[in-house]
Amino acid sequence: MEAAAGVEERERTRTVCVTGAGGFIASWLVQRLLAGGRYTVHGTVQMIAPAVTGTENVLKACSEAKVKRVIVVSSLSAVMVHPDCHEVPVMDESYWSDTELCRTTANWYCLSKTLAELEAFNYAKRTGLDVLTVCPSLVIGPLIQSTLNASSSVIVDCLKGDHEVKMKLRNFVDVRDVADALLLVYETPEASGRYICNSHPRQVSAVIELLKSWYPTYKYADRFIQVSDESVFSSKKLETLGWKFKPFEETLRDSVESYRSKGVLN
């Protein structure tokens, strides 16, 4: 998903636009923006082609509207596909996914995310538009929308016996913390460049054991594939701006309770 925020001064509130406003992350961002009464929010839902073309279209519209700052929601997918990733203890914002490696491994999602983020910065360089990007890890947390998003299905699949689960180290972040991060970088004048937004590396096996201790009556997945662990990613740059995140146990429990209330686990 790409999300952009533009601002023009009004009497007491500022106006922002959130693209893809019905999405998992964007719906929480809209809630955060409206909660303080300081923003007027305009949202768009499916007006835009995906990936590079969509990013370029949004940025052109922002330039024409003379907005002051654009925040692009990228992904760790634009950071993690690197030939040396397993030799690096902790990856930071200086790492970019290798586009040729993405192509040779047919990793089209990571390729599209990487190209889209590169295009955002290239456009900023060409035009002078103030563009920042936020790269979240696997985003989970309570749902606002009624449908299950792809990242949340990683947890739901663990709770259902008819799914195959990849066993590896994954990096998780709470959707509410991502929304806070987006607002933080938007409102911080000195913020610049890209920001990794990651809080909790966890083995999937440990996540399943924690879930079983809380919810013993679910069937749980019983088909597993052992795959390579993800790298660990640093959010120190974001934390220096004052970003804080919730404990993983709170995020996981709130996620499952949300799935239960929405009927996803029925």
Side-chain angles (χ1 to χ4, degrees), residues 1-3 24-25 28-29 71-102 105 107-118 120-121 131-141 149-155 166-186 188 191-207 210 226-252 255:
M1 135 189 185
E2 281 77 34
F24 184 41
I25 297 174
W28 276 104
L29 176 58
I71 311 299
V72 176
V73 179
S74 184
S75 169
L76 277 191
S77 299
V79 180
M80 66 195 307
V81 183
H82 193 279
D84 300 325
C85 64
H86 296 298
E87 300 175 12
V88 180
V90 180
M91 301 183 78
D92 60 20
E93 289 83 1
S94 65
Y95 288 87
W96 286 84
S97 288
D98 185 299
T99 56
E100 288 308 310
L101 182 57
C102 289
T105 57
N107 197 332
W108 307 121
Y109 178 79
C110 291
L111 177 63
S112 67
K113 282 295 187 181
T114 305
L115 293 176
E117 190 178 353
L118 287 169
F121 283 121
V131 174
L132 299 86
T133 66
V134 174
C135 302
S137 53
L138 188 73
V139 184
I140 62 173
N149 61 302
S151 58
S152 295
S153 67
V154 170
I155 303 299
K166 293 180 179 178
M167 303 298 279
K168 64 175 180 177
L169 179 77
R170 283 188 180 271
N171 292 274
F172 295 93
V173 67
D174 192 303
V175 65
R176 297 164 293 188
D177 296 333
V178 177
D180 289 341
L182 293 170
L183 190 55
L184 177 63
V185 298
Y186 176 65
T188 305
S192 63
R194 65 199 310 229
Y195 289 86
I196 287 176
C197 185
N198 177 52
S199 52
H200 300 292
R202 291 288 189 278
Q203 288 287 346
V204 172
S205 58
V207 174
L210 186 57
Q226 192 67 48
V227 297
S228 298
D229 287 341
E230 294 178 2
S231 299
V232 175
F233 299 87
S234 172
S235 296
K236 285 185 178 178
K237 183 182 177 185
L238 185 58
E239 290 179 59
T240 60
L241 297 183
W243 183 65
K244 301 182 186 306
F245 49 84
K246 294 173 176 57
F248 179 72
E249 290 74 13
E250 178 182 347
T251 296
L252 185 61
S255 299

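Each residue takes its place number in the sequence, starting with 1.
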If you define the side chain from C-beta out and look only at heavy atoms, does anything of [X] sit under 4.5 Å from [Y]?
X: His200; Y: Asp174; value: no
X: Val73; Y: Leu182; value: yes
X: Ile155; Y: Phe172; value: yes
X: Val178; Y: Trp28; value: no

side-chain contact (heavy atoms from CB on, under 4.5 Å) against Trp96, all qualifying residues, sequence neighbours excluded: Thr114, Glu117, Leu118, Phe121, Arg194
Those residues that, when tested against Ser151, pass side-chain contact (heavy atoms from CB on, under 4.5 Å) (two or more places apart): Phe24, Leu138, Val139, Asn149
For the residue pair [X] and [Y], what are the closest heavy atoms and their distance?
X: Ser97; Y: Cys102; result: CB-SG, 4.2 Å
X: Pro89; Y: Val232; result: O-CB, 3.8 Å
X: Ala191; Y: Val185; result: CB-O, 3.6 Å

Polar side-chain atom of Ser235 near backbone of Ile196 as donor-acceptor pair, under 3.5 Å: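 Answer holds: yes.
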Backbone N/O of Tyr195 and side chain of Glu93: donor-acceptor pair under 3.5 Å: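 It does not hold such a pair.
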Salt bridge (charged side-chain N to carboxylate O under 4.0 Å, His left out) partners of residues 234-246, not counting sequence neighbours, each pair once: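 As it turns out, the salt bridge (charged side-chain N to carboxylate O under 4.0 Å, His left out) pairs with a partner in residues 234-246, which skip direct neighbours, are Asp177-Lys246.
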Donor-acceptor pair between Ser94 and Asp92 side chains, under 3.5 angstrom: yes
